[in-house]
Amino acid sequence: MANILSTIVFIWRSFRFPMTSYRVPKDKTCWSVDWPQYAPTAYEIDLTDKSWADPSIGNASFQPKWNQMDGRIDRRSHQNIYVIKDGFPLNPLGRTGVCLRGVLGRWGPNHAVDAIVTQWKRDLNNRIQIHETTNKPILEFVAIKRRDTGQWAIPGGFVESGESVDTTLEREFLEEAAAEADTETVVRIRRLFESGEEVCRECVKDPRNTDNAWIETVVKLFHWEDARPLRLRAGDDAVGAEWRQIDSNLDLYANHLDFISRASERFGGHF
Ligand code: RP5
């Protein structure tokens with residue numbers, strides 16, 4: 001059974017990711033380290049006709065304005081000015097072993113957002129629970145289970161061109177974690193999203209990143225203090241949504257645990 005399952009997962013993944021990617025040793029990740037033999041796997045899915053995707057580099061009609069606003073498309077990086085080499089933007093996090101655009105829509109930065117929604121974990125008497133080892137109050141956060149990898153993650157998604165970060169945060173949270181919510185719940189969530197605190201803005205260590213296309217995010221923190229519980233329901237790209245206890249042993253998508261740890265630190269919660 002396990003063999004059949006892993007074969008299915010392998011075939012499925014093969015459609016989304018290159019079969020093999022060129023292995024990059026840690027000490028060769030940085031572009032400043034000279035590595036003339038570097039021969040990354042070229043991989044790109046066909047996104048012709050997708051309005052949210054860039055045309056191919058080399059297409060005469062595609063004249064991107066790197067490192068700046070390009071009409072309604074934000075091609076600026078949160079990290080720094082990125083380098084353009086032979087017409088291709090270079091990932092600020094360094095070599096990945098895969099070149100071209102992979103499965104991503106934009107060359108260069110693909111802007112996303114992530115909404116960390118927390119609440120204190122309480123016992124039946126409504127007292128905040130304290131962790132027996134660290135002696136710190138325990139936080140929970142809203143986690144969604146990704147349909148594509150089956151991993152738990154922070155609710156988030158890509159910023160559409162012309163959309164603001166705050167609009168995307170609220171839209172993605174409602175779609176992925178509060179699907180089909182009644183009007184009252186939507187109003188409460190909208191109110192919650194009026195008072196977010198930025199945790200960070202940076203590149204995500206996402207498995208879809210390539211040398212020429214990568215994901216960057218703005219992570220914002222929202223704390224749920226309403227005595228009435230927030231009921232969750234998965235939708236859109238999510239197949240699960242639940243409150244999960246924050247702990248350093250969580251296994252989350254990409255480097256989402258790192259974002260969670262910073263949110264927990266902000267409240268002095270158990271990690
Ligand atoms: C991650 O991918 C970001 O942190 C964000 O959570 C997510 C956006 O991609 P989709 O969930 O829309 O696939 O890198």
Side-chain angles (χ1 to χ4, degrees), residues 12-13 15-17 43-45 47 50-54 73-74 77-79 82 89 91-94 96 98 101-118 141-179 193 196-222 232-242 244 246 250-264:
W12 174 79
R13 282 178 64 96
F15 285 110
R16 306 192 68 258
F17 301 107
Y43 183 68
E44 184 173 313
I45 58 165
L47 294 174
K50 299 281 185 229
S51 57
W52 43 267
D54 288 333
I73 303 164
D74 190 356
S77 168
H78 296 314
Q79 300 276 134
Y82 50 87
N91 186 336
L93 293 183
T96 62
V98 179
R101 202 174 16 166
V103 297
L104 295 174
R106 302 257 173 237
W107 296 96
N110 286 254
H111 288 288
V113 295
D114 289 288
I116 303 181
V117 174
T118 54
F141 79 106
V142 174
I144 56 109
K145 190 172 190 178
R146 294 181 63 93
R147 186 186 298 279
D148 55 359
T149 65
Q151 287 169 289
W152 289 92
I154 304 167
F158 291 106
V159 182
E160 290 172 9
S161 53
E163 194 177 39
S164 75
V165 160
D166 289 332
T167 304
T168 317
L169 279 163
E170 191 182 287
R171 175 176 59 72
E172 289 288 340
F173 186 84
L174 286 167
E175 285 173 8
E176 295 186 339
F193 274 73
E197 201 177 293
E198 189 169 315
V199 175
C200 60
R201 49 178 69 211
E202 59 192 43
C203 293
V204 185
K205 293 184 182 131
D206 192 290
R208 293 168 289 184
N209 289 350
T210 72
D211 289 358
N212 312 117
W214 60 92
I215 302 179
E216 304 204 4
T217 190
V218 176
V219 184
K220 280 181 99 168
L221 173 62
F222 306 89
L232 306 172
R233 187 185 173 131
D236 197 43
D237 292 342
V239 289
E242 62 185 42
R244 303 202 87 191
I246 292 185
L250 283 170
D251 180 15
L252 299 181
Y253 180 74
N255 58 324
H256 282 194
L257 185 60
D258 180 29
F259 301 147
I260 290 288
S261 81
R262 289 184 240 175
S264 154

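Index from 1, following the sequence. In each ligand, atom 1 is the first atom listed, and ligand 1 is the first ligand listed.
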Quiz item: Under 30°, 30 to 60°, or over 60°: which ring-plane class applies to W214 and Y82, parallel, tilted or perpendicular?
Solution: perpendicular

Practice problem: Could you check whether the rings of F259 and H256 sit parallel, tilted or perpendicular, using 30° and 60° as the cut-offs? | Solution: tilted

Nearest-neighbour protein heavy atom for [atom], which is reported as residue plus atom name and distance:
atom: atom 11 (O) of ligand 1; value: R146 NH1, 2.8 Å
atom: atom 5 (C) of ligand 1; value: D114 OD1, 3.3 Å
atom: atom 2 (O) of ligand 1; value: R208 NH2, 3.0 Å
atom: atom 8 (C) of ligand 1; value: G157 CA, 3.8 Å

For [Y], does its backbone N or O pair with a side-chain atom of [X] as donor and acceptor, under 3.5 Å?
X: N91; Y: T210; result: yes
X: D237; Y: R147; result: no
X: N212; Y: P89; result: yes

Self-check item: salt_bridge(D54, R106) N-O dist < 4.0 Å
Solution: yes

Quiz item: Does any N or O atom in Y253 lie less than 3.5 angstrom from one in ligand 1, N or O only?
Solution: no

Per-atom contacts of ligand 1 with [X], taking only distances under 4.0 Å to non-hydrogen atoms:
X: G156; value: 11 (O)
X: I215; value: 14 (O)
X: D206; value: 1 (C), 2 (O), 14 (O)
X: V204; value: 4 (O), 14 (O)

Self-check item: Exercise: identify the closest heavy-atom pair between G157 and T168
Solution: O-CG2, 4.1 Å

